[in-house]
Number of protein chains: 2
Amino acid sequence: MATQTRDLLVAAAAKLLDSGGPAAVTLRDVGKVAGVSHNAPYKHFANKEELLAAVASRELTRQGKNLGDIGARGGRPVDQLRAMMRGYVRWATAHPERFKLTFGRWDRGTDELADAASTASANLSDLIVKAQAAGELPEGNPDHLAGLILSLAHGAADRAIGGHLSAKGKGKTNPEDIVDVLFVTLTRAAKR
Amino acid sequence: MATQTRDLLVAAAAKLLDSGGPAAVTLRDVGKVAGVSHNAPYKHFANKEELLAAVASRELTRQGKNLGDIGARGGRPVDQLRAMMRGYVRWATAHPERFKLTFGRWDRGTDELADAASTASANLSDLIVKAQAAGELPEGNPDHLAGLILSLAHGAADRAIGGHLSAKGKGKTNPEDIVDVLFVTLTRAAKR
DNA sequence: ACCTGAACACCGTTCAAGT
DNA sequence: ACCTGAACACCGTTCAAGT
């Protein structure tokens, strides 16, 4: 098993990331958790940034599978879309550090990341076009609609993580509710 | 001028933050830029985190004034709302590091932060209620609508900063366009 | 009251070896 | 090919003084 150490390092980094954010992912602790020396990671990754990129890549691939599973279950296109966005915000609030890591400039993005993102984006566009054809979503540029839906899910998740969702009194709004509000609005706008 | 050094430190921290994120805000460089020793900041702030909180507070106050100015210009409530959200995403993409700092868990949030956020939120709710009364926005819980609008603006800005907005080919969507898409949809849903 | 310089523990990274 | 231990520069923070 040539790549076993590499996988152990990525798993250790993910665990430390969950426990205390990127600052808690010290190479020394990664090595300790993985059972190697504090600079064994340098034999598998150029630096700490690339180790974190590997964690992000693993997470994005898993998340892509989740969305694919929801799509495989079938149903009305608009219901699939809503289920996907609900799953997305649920994942984000359950693993805030992984969510924040996955988004956040992967400039020269290791290809793997770009691939996972582009296939997910393509699936989404297909669903939107189908939903529009079925009259479940308003007409207009599908890319604009995709931007609207993804941005809303992303923003609701990020605001929930930051604690900016229940601003006023007792309104303990959760991000899934906001996703629902968007889809209610879209449905209403569709059958104008 | 008793507080002059404090202001210099906050300004220096903001400058370093813009240039390279929180990691670039080293106490040593802050001191150098402000013309004091590398641990003079400890006479004004308990630690680096509180110094950054002061930067966030300054930024949030300024941003609150911006929104207030837009409201003071008058016009249809829904147009004021859209202008505010456009200004918000414009600010976020122009100063990504300040934007990311301002949102990001200010748990025991120095009061100052909480105050600025709650007045901004109250102004927003007022506008939404007025817009609904004028038939410019769909009916329903105003807090839900506020969550939808703020989450969308936040998400569009964050995705633009992360470079996740022009996913596919040449579609160079910008966050202000996405804000417009939301308001078009809301308008259409209002006059169902 | 505000500031400085030395010192400490910690971290990312590099290097010379080890098998 | 993969790993280790020592070493270096850097950073946040503390402490004992200085004015």
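Just so it is clear: chains get the letters A, B, ... in the order the sequence lines come, proteins before strands, and each one is counted from 1.
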**Prompt:** Taking atom C1' of D/dC11 as reference, at what distance in whole Å does atom NZ of B/Lys48 sit?
**Reply:** 8 Å
**Request:** Name the pairing partner of D/dG18, where a pair is Watson-Crick or G-U wobble with both distances under 3.5 Å, or state none.
**Result:** C/dC2
**B/Lys43 vs C/dC3: side-chain N/O to OP1/OP2 distance below 4.0 Å** = no
**Asked** B/Asn39 has a side chain; which of C/dA16, D/dT14, C/dC3 sits nearest to it?
**Response** D/dT14
**Request:** Measure from CG on A/Asp29 to P on C/dG12 and round the result to the nearest Å.
**Result:** 9 Å
**Item:** Among C/dT4, C/dT13, C/dA7, the nucleotide that comes nearest once only the side chain of B/Ser37 is considered
**Value:** C/dT4
**Asked** Please give, in whole Å, the distance from D/dT13 C1' to B/Glu49 CD?
**Response** 14 Å
**Request:** Verify the contact: side-chain N or O of A/His44 to OP1 or OP2 of D/dA1, cut-off strictly under 4.0 Å; return yes or no.
**Result:** no
**Item:** Reference residue B/Met85; test side chain to side chain contact (heavy atoms under 4.5 Å, CB included); the match among B/Leu124, B/Asp180, B/Leu152, B/Ile70
**Value:** B/Leu124
**Message:** Tell me which nucleotide, if any, is Watson-Crick or G-U wobble paired with D/dA7 when both distances must be under 3.5 Å.
**Reply:** C/dT13
**Beyond-backbone contact of B/Glu136 with B/Leu81, side-chain heavy atoms, under 4.5 angstrom** = no
**Message:** Using OP1 and OP2 only, check whether a side-chain N or O of A/Thr5 sits under 4.0 Å from D/dC2.
**Reply:** no
**Prompt:** Quick one: B/Arg28 CZ to C/dC10 C1', roughly how many Å, whole number?
**Reply:** 12 Å
**Message:** Expressed as a whole number of angstroms, how long is the span from A/Leu27:CG to D/dT4:C1'?
**Reply:** 14 Å
**Message:** Tell me whether the rings of B/Tyr88 and B/Phe99 are parallel (<30°), tilted (30 to 60°) or perpendicular (>60°).
**Reply:** perpendicular
**Item:** Spacing between A/Asp7 atom CG and D/dC2 atom P, to the nearest angstrom
**Value:** 13 Å
**Prompt:** Roughly how many Å is it from CG in B/Leu8 to C1' in C/dC2, rounded to a whole number?
**Reply:** 14 Å
**Prompt:** Would you call the rings of A/His164 and B/Phe103 parallel, tilted or perpendicular, where under 30° means parallel and over 60° means perpendicular?
**Reply:** perpendicular
**Message:** Rounded at 0.5 Å granularity, tell me how far CD1 in B/Ile149 sits from CG in A/Leu182.
**Reply:** 11.5 Å
**Asked** Which is true for B/Val30 with a 4.0 Å heavy-atom rule: it touches a base, it touches only sugar-phosphate, or it touches nothing?
**Response** nothing
**Complete:** Taken to the nearest whole Å, NE2/A/His38 to P/C/dC10 is 14 Å
**Request:** With P as the reference atom in both, quote the distance from C/dA17 to D/dC2 in angstrom, rounded to an integer.
**Result:** 22 Å
